Structure formats: C-alpha cells, structure tokens
**Q** 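Input: one structure, supplied below.
In what follows, residues are counted from 1 in the order of the sequence shown. Model, not experiment: these values are computed from the prediction.
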Amino acid sequence: MRALPWLLLLGIGSASLPARAGQVEVELYVMSKCPFAIQVEKTMAEVLARFGSELRFQMDFIGRVKPDGTLTSMHGESEVRGDLIQICAQSHAPDRFLELVNCMNEQFRQIPDGWQDCARRLGLQVGAIAECADSAEGTALLQESFRRSEARGARGSPTIYFGGRPHRGGRSETDFSRAICETFGHPRPAVCASIPEPARFDIVVLSDRRCKDCHPQLLAKRMEGLFPGARVRTVDYSESEGRRLYREMGLEKLPAVILGAGANQASQFSRVERFLTRKGDAYVMRMGGRFDPSREICDNGIDDTGNGLVDCADPDCRDTFDCREAMPGKLEVFIMSHCPYAARGLLALEESLDPRRGGPGLELHYVATRNPDGSFRALHGQKEVDENIRQLCAAHHYAAGHRYLDYVLCRMRDPRSEDWQACTGSNGIETAVIARCAQGPEGERLLAEDIQVAERLGIGASPTWVACGKHKFSGIQADQLLSGYCRHDPDLPLCRPPAERPAERPPETPLLAERGPRILRVAQGGRYMPLHGEQAGLPSGLEAELAGELARELGMQVAFVDTRREYGLGSVTAVARGKVDCGLNAISPTPERRVEVDFTRPYLTLRYRLAGRPGAKPGSLSTSRARVAVARGLAQRAVEQLMPRATLIVAPDMGTAVAEVLAGRADYAAGEDVGLLLAIEGKKLTVAGEPFGESPIAIAVPKGRAAEFDAALSRLAPRIEALVRKWQPGEP
C-alpha cells in the first residue's frame, strides 16, 4: 500500500488547527464499523492524494459521551474500540493513519481485531497506539471527537463537509473533487482544470399548490443533490408554463420531475435511467404521483374544473370517500392478485366474513395502473395484470351467490402458480368462459373500469378493506377483519351477539408466540415524510422501510395499522391495549408515554430548528431575545432550555406556530426538524441558524418487550444507517 507522507502537511490529528489561507477544509464524520463509510474513506484517500496541500483534512467519529464520561456507539463496544484505535493512530501517526483505517476496512466486520497486523505492515508503532487506546489519552481524544461530531450535527455515517458546506451529491472521486473545486475562490488550483464539469441541464419539479402530499421543495432538494450541475426549479400547475409542460409531457398525475436535454450526459444518469420515460429531448421521471390537477378537488368548496359544479356535485368526485353514500351491509377489498398479504387476507375472509355464509356483500377491486398506450401495469408484473383480469372475469360471470370466490380463493392458496385452469372446471367455473373473457376486449374493459375505483379513492395498498362504503381499515387475520367491519355495521348477524365476537388479545400476550400467520402489526398512520407516508399507494419512507426490515428480522410479515382510523386511538395507546404489536410512527419517548408502554433505544435522533423569514439570523441561542412560536411539548422544553431569554408563544401545533410567524406575531417558529420543514413547505419562510437539542425517536412496544426489539435493532444497525442516508430526515 502506497505511503501518503503529504498527510502530515495537512494537519491530520490536529483538529484545533484552522485551515490556512487558500486551503479548503474537508471534514469526514464516521463510525469505524460503518459499511457505508468504508468506500468513502477509500475515495477520500484518492482525493487527498490528488489535491495535496490544497486541503486540510479532519476525520472525526460519531458516538455519544454518557454523563459519566463513558463512550457508546451504534455498533457497540467493538466499534468504540475501533474508534479508539483509529483516533490514536490519527494522533500518533498523522501521516499514515488513513492507510491504517483503509487496511482495517478490508475486514471491517472484525474491527478492532487485526489492527496490529495492519499497523506492522505499514511500519507504525503498535505499542504507542495500543497504549493510547488503553489510557485516558485515547478516551479524551475520542470524547472530543464525539463532541465535535455532535456539534456539527453529524448523526449519519458518513457525513461529509467541504469548505464548511454539507456534501449530499455523488460519492465518486470525481464527485468529491468537483465539489471541492466549487468551494475554492479564484484562481482555483491547477488540479481543478483536469476535473470534468458536471452536465449542465434543466430540471423542473412540476407540482400543484393544492396538493397536500406533493412536497415539491423536498423533491427539488433531492434532485440538486443527485445532479449537482443541474438548474433545478419548481413550477406550479397554476402557472401557464406548468399547464403547458403538463400537456407537452403527456402527464396525468403530479408531482412530476422533468429532466431537460443533456440529462443523459450526467454521471448519475444511469442510476435513474430505469425510472425515466423519454419525451423528445427531455425525460419524465416516474414519481408515483397521485394528484390529478385536471379533476375536481372534492372538499375545498371551489369549482376547480369550471363546469359550475362544486365538490360532490361534480362527477369527478364520484367514488371518493368525501362524497360516497354510506352502504351498510357492503364490504369492499382492494387487492393485487399476486400480493401475499392479499392472499392471507382473503383466506382469512373465508374464515370470518364469507358472504356465502352470512357475511356482508363483497366487492373485489384491483390496484393497477393504465399506461398511456392503453396497456396495464401492476406492481408484480404482467402476470399479475393477467390474473387481475381473470378474477374480474370470474366475478362478472359468476356473481350470483358469490360463486366467483371459489375461483379467487383457490388462486389465493398459491397466487404465483401459473396453472389457473386448475381452479376451474370441477367447481362450476368454466375454463372456456374465463379464457374467452380474459383474452378478449371484455376483460380489458373490466379492468380499465375497475381500477378507477381505487384511483378515485386514493387506494394503493393491498389489501385495503372498506366497510359500508365509507370506512377504510386493514388486516389479514380473521379477527382483524371481523372487528374492522363490525365496528361500522354491528347489526350484521355475524357481528352479534357480543359473545361471538373474537376476544381482544390482552396486551401481555407474548409477541413472538402468535398463533397462525406470524404478522407484526405496526401502528403507522398519517403522512410525515420522509419518515412515513405513501408513494404509488404503498407505504413509504424511512420508518415504513424499517418496519419491513424489523418484521423480516423477527421472522414475520408486516401489516400497517392506522390506529386512529381503525380504533380512534393514538399509536401509544393502541400498543398499550394490544391492538398492535408496536408503534413505529415518529414517536418520541416521554415520561407520560412510558407510563403506558416501554420504548426501544432510539433508532433515529432528530434535532430542533428555527424557521423565519428569508435573511433572518437568530444569532446566539442563549442570548437571543427573539419571539419564538413553538408547539407545546418536547419542542417547547428544548426552546425553554436553550433560549432562556426568548419570548415564547406556545401554540397547539406546528402549523399554528408557523402561522404566528407569517402573521408577524413571532420572529421564528421552532420545531423538530422534519415537522418544521413540512410545515414551512410552500411558504415564504426558511430555516435559520444551526440545529439544536435532540429529539430521539423510538419504537413503542408493550411493557416488558423492549429487549426483544432492541436485539433486532442492534442486528439491523447497518440497515438503519443506510435508511438514514437514503431518506436524510431533517435535511433542509
């Protein structure tokens, strides 16, 4: 491995030394056992070799100093030991320490084991490094490193800063070099002339201010990070340019991202190419948008389409929850025919709410999309489209007495089998009837008409159940379906007498001793992106993905439950009452909540921020006398502690706090960073100052169950890091 003596000139190991005039400071914050830091550390060595003394490099470690001075890190004691070895090497061998780090990274899962072999191979003083790591010297060095990382707000590994600015773009050597060159003044170092310029092209994020869930500013930020050379701007559908682009690009739903001519020259183009549709010289990125700007909005009291019909009077609002009539005795289920959860749900229906044995009248609907060319697209591919059509054909031709269920339930016992004919014939479902319908225009028409129902209702998850035409609920077990439906139609014979209802599972029932299908019921509702919400009708966001990973780690399958909609209960109370197995819903542990449930260790720590009008500068928090609007609760406590001289305006929620600033009654709104960024989106406010305080987010679990979940979270630590990197919660 080549020696890098020039590192000594860059001040490595001397974190207190400022960059000299003309140098750019490169900051890297890592965890020694983080798999995502490994490639960056290797690439950073190449970058430092390329720029030499033009850079001052500083590497610090991410962890926590407990009140008693002990050190902890995400990957446990072995990572703390690895951090100690590397920080001591940085102190005692500053010209070679990055070589040691990259050597250790070759077997990063064994860190700190084997570091001595690397050190000997590189000619480093093993004894001096070991003595430092075993003494108060190493502890003090790592404590200070942890504190520098905390002061910088570095929570994810790796976190990268060039010239004091966070780097969120690509991570190749060229990406880093280009970003560094952009921080130099003029004239730039000669090495910058050899670095290719990023592709320059336009990106338009097209949205509609009437859409509550479009978040165009968040999309714009992500595009800026992905394509550093692009000129990114947002355009609203209400503008003439927005309507023109909507027509020219053949768009149907918003938000949409349009990459202009030259996008295919960008270094990151290959990463997104499979999500793009070419339109002339431009490309439209498939975003899973669900907002149709040409249709009537059914709850705003405005004639959006100009036809003289407002809200529910407009035909566009037919089959929306806002305008539907209540239909007692009716149960609808929206499925994807190859979805394993839908299969479980329908087989559970046979046990609990079978319409052939006294259950409510049943309607099957399907979740799919029609392409501009008239073909169909489904999540599980063309075979799912074909089976959707066959099941609709069965429902159409064998509706009497719900005979079609003989075919559908047979298919659901092995949904991926291609032998659909095996579910016809002996049960009275004629093979020829299904084939003729499915292979001709009749089947295509049935699917085209049917998928509009899910579209109008905004349903994209499989299975989704709707009771009495108005009430959406979820579930894949018999007791879940029975309780979900009977809550809204208690007069149905199957729903009475009370003695026949399924007993409520007591909270103390062991999670991992579930009978029947092993389902992890996760309380998660509302939209709080990038933590949780929906994209393309499917659960999305950091917490939604973490719930799936957690279920797999426990050997289970995940079922999301919106507990407010299903039970009228908050996530914590639903966990306490045994309605769900855990709550993974942006929940901060508080003493009040700990009375009801236990909490895992935090899987995410957010910070608090201030937002004010553009140009506002809060200065020092401890001395600020600003008027700060803040929602009562944890954010209020943080502001009271860190801004003792500020005048607090306590609001019931984040939206009201932001309104106080817009009305001029407050200088700043304060809140946890994800919620604050969502609250100011589309408003003439901007984040001001540095983040402060901590807002830990943890999983709410039944009393006595935290250890089971903590063990799973420990095993998932690398995956959690990846999710934090992917979704970047709280980044403005």
**Q** Say you draw a straight line from SG of C192 to CZ of F51; how long is it, rounded to the nearest 0.5 Å?
**A** 4.5 Å
**Q** Does P35 reach the side chain of F108, with side-chain heavy atoms less than 4.5 Å apart?
**A** yes
**Q** Does E672 use its side chain to pair, donor to acceptor, with the backbone of A635 at less than 3.5 Å?
**A** no
**Q** Provide the closest heavy-atom pair for P602 versus A698 in the form atom of the first, atom of the second, distance.
**A** CA-CB, 4.1 Å
**Q** Take a 6.0 Å sphere around CD of E690 and say whether it holds more than 12 heavy atoms from other residues, nucleotides or ligands.
**A** no
**Q** Is any side-chain heavy atom of V47 closer than 4.5 Å to one of F57?
**A** no
**Q** Which distance, rounded to the nearest 0.5 Å, do you find between the CG of L546 and the CG of L716?
**A** 7.0 Å
**Q** Keeping N585 on the side-chain end and G525 on the backbone end, is there a donor-acceptor pair under 3.5 Å?
**A** yes
**Q** Is the side chain of S149 donor-acceptor paired with the backbone N or O of F61 at a distance under 3.5 Å, no angle test?
**A** yes
**Q** One pair to check against side chain to side chain contact (heavy atoms under 4.5 Å, CB included): I111 and S78. What are the steps and the verdict?
**A** CA-CA 7 Å; I111 289 174; S78 62; over 6 Å; no
**Q** Can you tell if the side chain of P691 reaches within under 4.5 Å of the side chain of D673, non-hydrogen atoms only?
**A** no
**Q** Does I38 offer a backbone N or O that forms a donor-acceptor pair with the side chain of K42 under 3.5 Å?
**A** no
**Q** State, yes or no, whether a side-chain contact exists between P589 and R594 at a heavy-atom distance under 4.5 Å.
**A** yes
**Q** With a 4.5 Å heavy-atom cut-off, do L685 and V658 have their side chains touching?
**A** yes
**Q** Under the side chain to side chain contact (heavy atoms under 4.5 Å, CB included) criterion, do M44 and V26 qualify, and how do the steps go?
**A** CA-CA 9 Å; M44 196 63 73; V26 175; 3.7 Å; yes
**Q** To the nearest 0.5 Å, what is the distance between NE2 (H75) and CG (D83)?
**A** 10.5 Å
**Q** Which heavy atom of A651 sits nearest to which heavy atom of A657, and what is that distance?
**A** CB-N, 3.7 Å
**Q** Identify which one of K33, E41, Q39 satisfies the side-chain hydrogen bond (donor to acceptor under 3.5 Å, both in side chains) criterion when paired with N105.
**A** E41
**Q** Would you say Y603 and E543 are linked by a side-chain donor-acceptor pair, where the criterion is simply a distance under 3.5 Å?
**A** yes
**Q** Can you name the nearest heavy-atom pair linking A616 to P618, along with the distance?
**A** O-CD, 4.0 Å
**Q** Does E694 pair with R607 as a salt bridge, N-O distance under 4.0 Å?
**A** no
**Q** Flag the pair E197 and R200 as a salt bridge only when some basic side-chain nitrogen lies within less than 4.0 angstrom of an acidic carboxylate oxygen.
**A** yes
**Q** Is it true that a side-chain atom of R627 and a backbone atom of G664 form a donor plus acceptor pair closer than 3.5 Å?
**A** yes
**Q** Does the ring center of H167 lie less than 6.0 Å from the ring center of Y161?
**A** no
**Q** Thinking salt bridges, do E150 and R147 make one under a 4.0 Å N-O criterion?
**A** no
**Q** Give a yes or no answer on whether the side chain of Y668 reaches the backbone of A626 with a donor-acceptor pair at less than 3.5 Å.
**A** no
**Q** Would you say the ring centers of F269 and F227 fall short of 6.0 Å from each other?
**A** no
**Q** Are the side chain of T600 and the backbone of I699 linked by a donor-acceptor contact shorter than 3.5 Å?
**A** yes
**Q** For R209, is the CZ atom crowded, meaning more than 12 foreign heavy atoms sit under 6.0 Å from it?
**A** no
**Q** For M654 and L676, work out which heavy atoms get closest and say how close.
**A** CE-CD1, 3.5 Å
**Q** Between D710 (side chain only) and R601 (backbone N and O only), is there a donor and an acceptor less than 3.5 Å apart?
**A** yes
**Q** Mind checking whether L713 and I720 have side chains closer than 4.5 Å, heavy atoms only?
**A** yes
**Q** Distance from E660 atom CD to R665 atom CZ, nearest 0.5 Å?
**A** 4.5 Å
**Q** Go through the side-chain N and O atoms of Q636 and E640 and say whether any donor and acceptor fall under 3.5 Å apart.
**A** yes
**Q** In terms of side-chain geometry, is the basic nitrogen of E545 or R719 positioned less than 4.0 Å from the acidic oxygen of its partner?
**A** yes
**Q** Would you check, one step at a time, whether the test side chain to side chain contact (heavy atoms under 4.5 Å, CB included) holds for Y608 with S695?
**A** CA-CA 7 Å; Y608 297 102; S695 176; 3.6 Å; yes
**Q** For S172 and T174, does a side-chain donor sit closer than 3.5 Å to a side-chain acceptor?
**A** no
**Q** Less than 4.5 Å apart, any side-chain heavy atom of M59 and any of V30?
**A** yes
**Q** For a quick check under 3.5 Å, do K66 and T72 share a side-chain donor-acceptor pair by atom type?
**A** no
**Q** Over all heavy atoms of both residues, which pair between V597 and A700 is shortest? Give the atoms and the distance, please.
**A** CG2-CB, 4.0 Å
**Q** Between the main-chain N or O of S53 and the side-chain N or O of Q23, is there a donor-acceptor pair closer than 3.5 Å?
**A** yes
**Q** Answer yes or no: is there a side-chain heavy-atom contact under 4.5 Å between I160 and P166?
**A** no
**Q** Mind checking the CG-CZ spacing from L531 to R527? Nearest 0.5 Å is all I need.
**A** 13.5 Å
**Q** Could you check R155 against V724 for side chain to side chain contact (heavy atoms under 4.5 Å, CB included), going step by step and ending with a plain yes or no?
**A** CA-CA 9 Å; R155 300 187 297 275; V724 172; over 6 Å; no
**Q** Determine whether a donor-acceptor pair (N or O, by modelled atom type, separation under 3.5 Å) exists between the side chain of R613 and the backbone of L662.
**A** yes
**Q** Are side-chain N/O atoms of E173 and S177 paired as donor and acceptor at under 3.5 Å?
**A** yes
**Q** Looking at S588 and R593, what are the two nearest heavy atoms and their distance?
**A** O-NH1, 2.6 Å
**Q** Rounded to the nearest 0.5 Å, what separation is found between the OG1 atom of T159 and the CD1 atom of I62?
**A** 4.5 Å
